[in-house]
Chemist: 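Take a look at the following structure, please.
None of the values given here were measured: they were computed from a predicted structure. Proteins get letters first, then strands, A, B, ... in listed order; numbering begins at 1 in each.
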Amino acid sequence: MTDYKNIKISDAFNHGKAMIAFVTGGDPDLETTEKLLPAMQKAGADLIEIGIPFSDPIAEGPVIQDANERALAKGCTTDHLFDMVKRVRESGKVTVPMVFLTYANPIYTYGKERFMSKCQECGINGVIVPDIPFEEKEEFLPEATKYGVDIISMIAPTSDERIIKIAKEATGFLYVVSSLGVTGVRTQITSDIGSMIELVRKASDIPAAVGFGISTPEQAKKMAETSDGSIVGSAIVKIVAKYGKDCIPYVQEYIRSLNEAIKGTEKISA
Amino acid sequence: MEDKEMKGRFGEYGGQYIPETLMNAVNELEEAYNKYKDDPEFVKELDDLMKNYAGRPSLLYEAKKMTEDLGGAKIYLKREDLNHTGAHKINNVLGQCLLAKKMGKTRAIAETGAGQHGVATATVAALMGLECEIFMGKLDTERQALNVYRMKLLGAKVNAIETGTKTLKDAVNAAMREWTSRISDTHYVLGSVMGPHPFPTIVRDFQKCIGEEIKAQMIEKEGRLPDVVMACVGGGSNAIGTFYDFIGDKEVELIGCEAAGEGADTPRTAATLATGKVGIFHGMKSLFCQDEYGQIAPVYSISAGLDYPGIGPEHAWLNEIGRAKYVPITDEEAVDAFEYLSRTEGIIPAIESSHALAYAMKLAPTMDKNKIIVVTVSGRGDKDVAAIARYRGEQIYD
């Protein structure tokens with residue numbers, strides 16, 4: 001066994017603001033995702049979110065919905081992704097923390113215990129489950145805790161006073177949903193992220209990263225300035241959709257530009 | 001019964017599995033509902049709407065010819081098809097829209113399958129001056145073109161959903177996504193006893209008048225309770241409305257009839273109880289048609305109102321404790337019942353309701369003549385005429 005078992009989500013926040021990159025697993029195929037993960041790390045991603053495709057991703061906008069459909073049409077399953085992640089971890093090419101993003105049903109139906117133990121075995125450090133709010137955390141928490149998998153809590157612009165209780169119990173990092181609605185590129189983010197983070201800080205010193213709607217380096221920079229990092233998903237998935245199997249250099253170039261904006265003005269070597 | 005409603009749970013089923021963005025909205029809805037449900041003024045207003053707008057109580061009709069023809073138990077039909085807008089859906093929509101008005105909401109959104117819930121929502125939105133937007137699977141807009149125009153006529157905007165299976169499940173996805181993007185002025189009028197708490201409870205409460213009326217009407221006509229009450233089940237709102245007041249009356253058998261499509265043993269089915277497994281979807285833990293990886297199955301039924309891959313959590317619970325029984329009915333059986341009731345009683349039932357009628361046709365002949373069956377006719381079948389003609393090979397377009 002390599003030492004990937006020591007990787008922790010907090011590693012992503014140890015060297016400045018974090019660049020968090022999302023990609024739908026198995027889109028356009030498993031092979032491409034397997035090559036993308038190390039390439040994303042190389043381009044500067046500090047944490048990688050891998051979407052386990054789901055038939056009905058209710059928190060996603062059209063871009064990631066389509067990616068889910070493409071991946072499922074190619075036959076991508078939860079087991080394929082576990083195996084692929086394990087290969088990538090064992091190769092030593094991905095040393096940044098990785099989390100799965102999926103919905104409650106794929107985890108529940110796979111078997112909570114089986115799912116979480118597989119996460120530990122394969123080197124998945126956390127799970128983001130958009131349809132598990134604070135009130136339903138207990139659904140997966142006992143198994144997740146047992147296998148050292150963080151359940152990433154989310155806060156939204158509508159969370160108001162809920163932010164404090166959510167932040168208090170959050171582990172790994174806190175996912176700050178920047179806007180109302182579903183994932184997808186937005187020209188403007190109008191929510192007052194600053195005051196949301198302020199509330200978080202009253203309750204916890206957990207790293208808080210902002211996602212939903214971020215696509216330009218300017219937005220990524222701005223969001224990271226008021227938080228601990230920026231999460232970019234739909235914009236990356238769009239590049240994958242456009243270039244298919246040949247997407248890797250384009251995704252890398254894009255992540256590099258985001259990372260430079262997030263980390264500061266100086267160029268970061270590839 | 002109180003224990004099972006802890007935190008919106010019916011046994012292990014129910015819950016609130018929704019994005020954080022919606023949590024304050026459902027909490028606000030729960031608070032408002034608890035505030036108004038026993039408020040004398042709210043109760044009076046809703047009662048007035050039910051009587052003078054929807055036309056309640058609906059008739060309990062003794063189907064003498066059907067009874068005679070089948071030669072067994074006496075059959076009564078609970079005529080929800082005679083309500084304004086032609087289905088039971090109006091009961092829930094009047095309640096929810098009145099509540100939404102009290103909450104200061106100015107916009108109503110809803111999903112619809114067959115279009116009956118969409119029509120009811122568009123109707124009440126027009127009455128109450130709410131802006132209205134309906135989400136309907138593209139395939140359903142084609143199967144139920146007349147209802148689409150009806151909704152537009154009533155002033156609603158209809159969005160045809162092109163994602164996934166392009167049916168009811170995808171319409172729910174779209175309505176939920178829309179709600180997360182616009183919450184402050186918008187109420188999501190969920191059309192069945194499903195989704196996150198408090199919807200399964202609220203919708204059931206607004207539909208339970210069906211069973212309460214059946215009970216009173218039955219006592220008046222027969223001086224006793226029926227032996228069997230039955231209704232069709234998609235999400236399960238007319239069924240829970242029919243069952244609820246009888247749950248404590250153990251001698252009354254409760255039967256839900258779900259859509260088997262081409263057969264519960266084929267992939268072209270929507271029979272959730274017969275083929276589903278426990279899962280978490282659309283805000284609730286319940287039973288869902290799904291594959292081994294938890295991907296929701298593309299279900300099928302001739303009935304656009306029943307081809308939903310899940311079932312309301314209270315039904316999952318009633319099934320588990322054995323208080324209600326659920327049976328699958330195929331397209332063919334439902335279409336036969338549709339035609340049978342039309343010719344025998346001069347009542348054209350909705351294809352959804354025809355699933356319940358089909359089981360009554362099987363069950364009645366096996367029962368004694370002194371037994372009584374009540375079948376809820378959840379809606380009228382005018383909307384289905386063209387689809388049934390096509391099913392029988394006649395090309396009629398509505």
Chemist: Identify which of Ser159(A), Ser179(A), Ala104(A) forms the greatest number of heavy-atom pairs closer than 4.5 Å to chain B.
Modeler: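 The answer is Ser159(A).
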
Chemist: Run the numbers on Tyr175(A) and Glu20(B) for side chain to side chain contact (heavy atoms under 4.5 Å, CB included), then give the verdict.
Modeler: CA-CA 11 Å; Tyr175(A) 194 126; Glu20(B) 169 60 23; over 6 Å; no

Chemist: Pick whichever of Thr158(A), Leu180(A), Asn105(A) has the most heavy-atom pairs under 4.5 Å with chain B.
Modeler: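 Heavy-atom pair counts peak at Asn105(A).
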
Chemist: If you measure only the distance, is there a donor-acceptor pair under 3.5 Å linking the side chains of Thr109(A) and Gln290(B)?
Modeler: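 On atom types as modelled, these side chains qualify, holding a pair under 3.5 Å.
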
Chemist: For residues Tyr110(A) and Glu292(B), is any side-chain donor paired with an opposing acceptor at under 3.5 Å?
Modeler: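 The answer is no; no qualifying pair exists.
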
Chemist: Considering only heavy atoms, which portion of Glu60(A) lies under 4.5 Å from any heavy atom of chain B: side chain, backbone, both, or neither?
Modeler: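 Contact with chain B: backbone only.
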
Chemist: Enter the distance from Lys169(B):NZ to Ile58(A):CD1 here, rounded to the nearest 0.5 Å.
Modeler: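 The NZ atom of Lys169(B) sits 12.0 Å away from the CD1 atom of Ile58(A).
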
Chemist: Evaluate whether atom NZ of Lys222(A) has more than 12 neighbouring non-hydrogen atoms of other residues, nucleotides or ligands under 6.0 angstrom away.
Modeler: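 Not buried by this count: 12 neighbours or fewer within 6.0 Å.
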
Chemist: Nearest 0.5 Å please: distance from the CD atom of Glu135(A) over to the OH atom of Tyr17(B).
Modeler: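 Going from CD on Glu135(A) over to OH on Tyr17(B), the span is 11.5 Å.
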
Chemist: Can you tell which part of Pro130(A) gets under 4.5 Å to a heavy atom of chain B, answering side chain, backbone, both or neither?
Modeler: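 Just its backbone gets close to chain B.
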
Chemist: In terms of heavy-atom contacts, does CD of Glu161(A) have more than 12 from other residues, nucleotides or ligands at under 6.0 Å?
Modeler: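 Atom CD in Glu161(A) is crowded, with more than 12 foreign heavy atoms closer than 6.0 Å.
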
Chemist: Under 3.5 Å, is there a donor-acceptor pair between the side chain of Gln295(B) and the main chain of Pro53(A)?
Modeler: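 Yes, Gln295(B) side chain to Pro53(A) backbone: donor-acceptor pair under 3.5 Å.
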
Chemist: Just wondering, are more than 12 heavy atoms of other shown residues or ligands nearer than 6.0 Å to NZ in Lys118(A)?
Modeler: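 Counting neighbours around NZ of Lys118(A), more than 12 heavy atoms of other residues, nucleotides or ligands fall under 6.0 Å, so yes.
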
Chemist: Does any heavy atom of chain A fall under 4.5 Å from the side chain of Asp170(B), the backbone, both, or neither of them?
Modeler: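 Contact with chain A involves the side chain of Asp170(B) alone.
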
Chemist: Is it the side chain or the backbone of Val278(B) that comes within 4.5 Å of chain A heavy atoms, both, or neither?
Modeler: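 Val278(B) touches chain A through backbone and side-chain heavy atoms alike.
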
Chemist: Taking heavy atoms only and a threshold strictly under 4.5 Å, list by residue number the residues of residues 165-172 of chain A that touch chain B; give 'none' if the list is empty.
Modeler: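 Contacts with chain B: Ile166(A).
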
Chemist: Measure Phe54(A) against the heavy atoms of chain B and call it side chain, backbone, both or neither at under 4.5 Å.
Modeler: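 Both backbone and side chain.
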
Chemist: Please evaluate residues Lys285(B) and Glu136(A) with respect to the criterion salt bridge (charged side-chain N to carboxylate O under 4.0 Å, His left out), reporting the C-alpha separation (whole Å), side-chain torsions for both, the decisive distance (0.1 Å), and the verdict.
Modeler: CA-CA 11 Å; Lys285(B) 185 181 280 184; Glu136(A) 302 294 353; over 6 Å; no

Chemist: Below 4.5 Å from any heavy atom of chain A, which atoms of Glu12(B) appear? Answer side chain, backbone, both or neither.
Modeler: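 Side chain of Glu12(B) only, per the 4.5 Å heavy-atom cut-off to chain A.
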
Chemist: With respect to chain A, which residue among Ile183(B), Val172(B), Thr180(B) yields the maximal number of heavy-atom pairs within a distance under 4.5 Å?
Modeler: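 Looking at each of Ile183(B), Val172(B), Thr180(B) in turn, Thr180(B) comes out on top.
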
Chemist: For Pro57(A), is there any backbone N or O sitting under 3.5 Å from a side-chain donor or acceptor partner on Arg177(B)?
Modeler: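 Judged by distance alone, yes, a pair lies under 3.5 Å.
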
Chemist: Who among Thr77(A), Ile132(A), Val177(A), Ile107(A) has the most heavy-atom pairs with chain B under 4.5 Å?
Modeler: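 Among Thr77(A), Ile132(A), Val177(A), Ile107(A), the one with the most close pairs to chain B is Thr77(A).
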
Chemist: From Lys277(B) NZ over to Tyr108(A) OH, what is the distance, rounded to the nearest 0.5 angstrom?
Modeler: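 Atom-to-atom, Lys277(B):NZ and Tyr108(A):OH are 11.0 Å apart.
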
Chemist: For a 4.5 angstrom cut-off between non-hydrogen side-chain atoms, does Ile18(B) reach Asp131(A)?
Modeler: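 SC-SC contact between Ile18(B) and Asp131(A) ruled out.
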
Chemist: Ser55(A) side chain to Ile296(B) main-chain N or O, any donor-acceptor pair under 3.5 Å?
Modeler: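 Checked: pair present.
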
Chemist: Show the numbers, then the answer: is there a side chain to side chain contact (heavy atoms under 4.5 Å, CB included) between Arg162(A) and Asn27(B)?
Modeler: CA-CA 11 Å; Arg162(A) 295 169 53 79; Asn27(B) 288 342; 3.7 Å; yes

Chemist: Where along residues 63-75 of chain A does a heavy atom come under 4.5 Å of chain B, listed by residue number?
Modeler: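 Those residues of residues 63-75 of chain A which have a heavy atom under 4.5 Å from chain B are Gln65(A), Glu69(A), Leu72(A).
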
Chemist: In terms of heavy-atom pairs under 4.5 Å with chain B, which of Asp160(A), Val129(A), Asp79(A), Ile155(A) leads?
Modeler: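 Most heavy-atom pairs under 4.5 Å with chain B: Asp79(A).
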
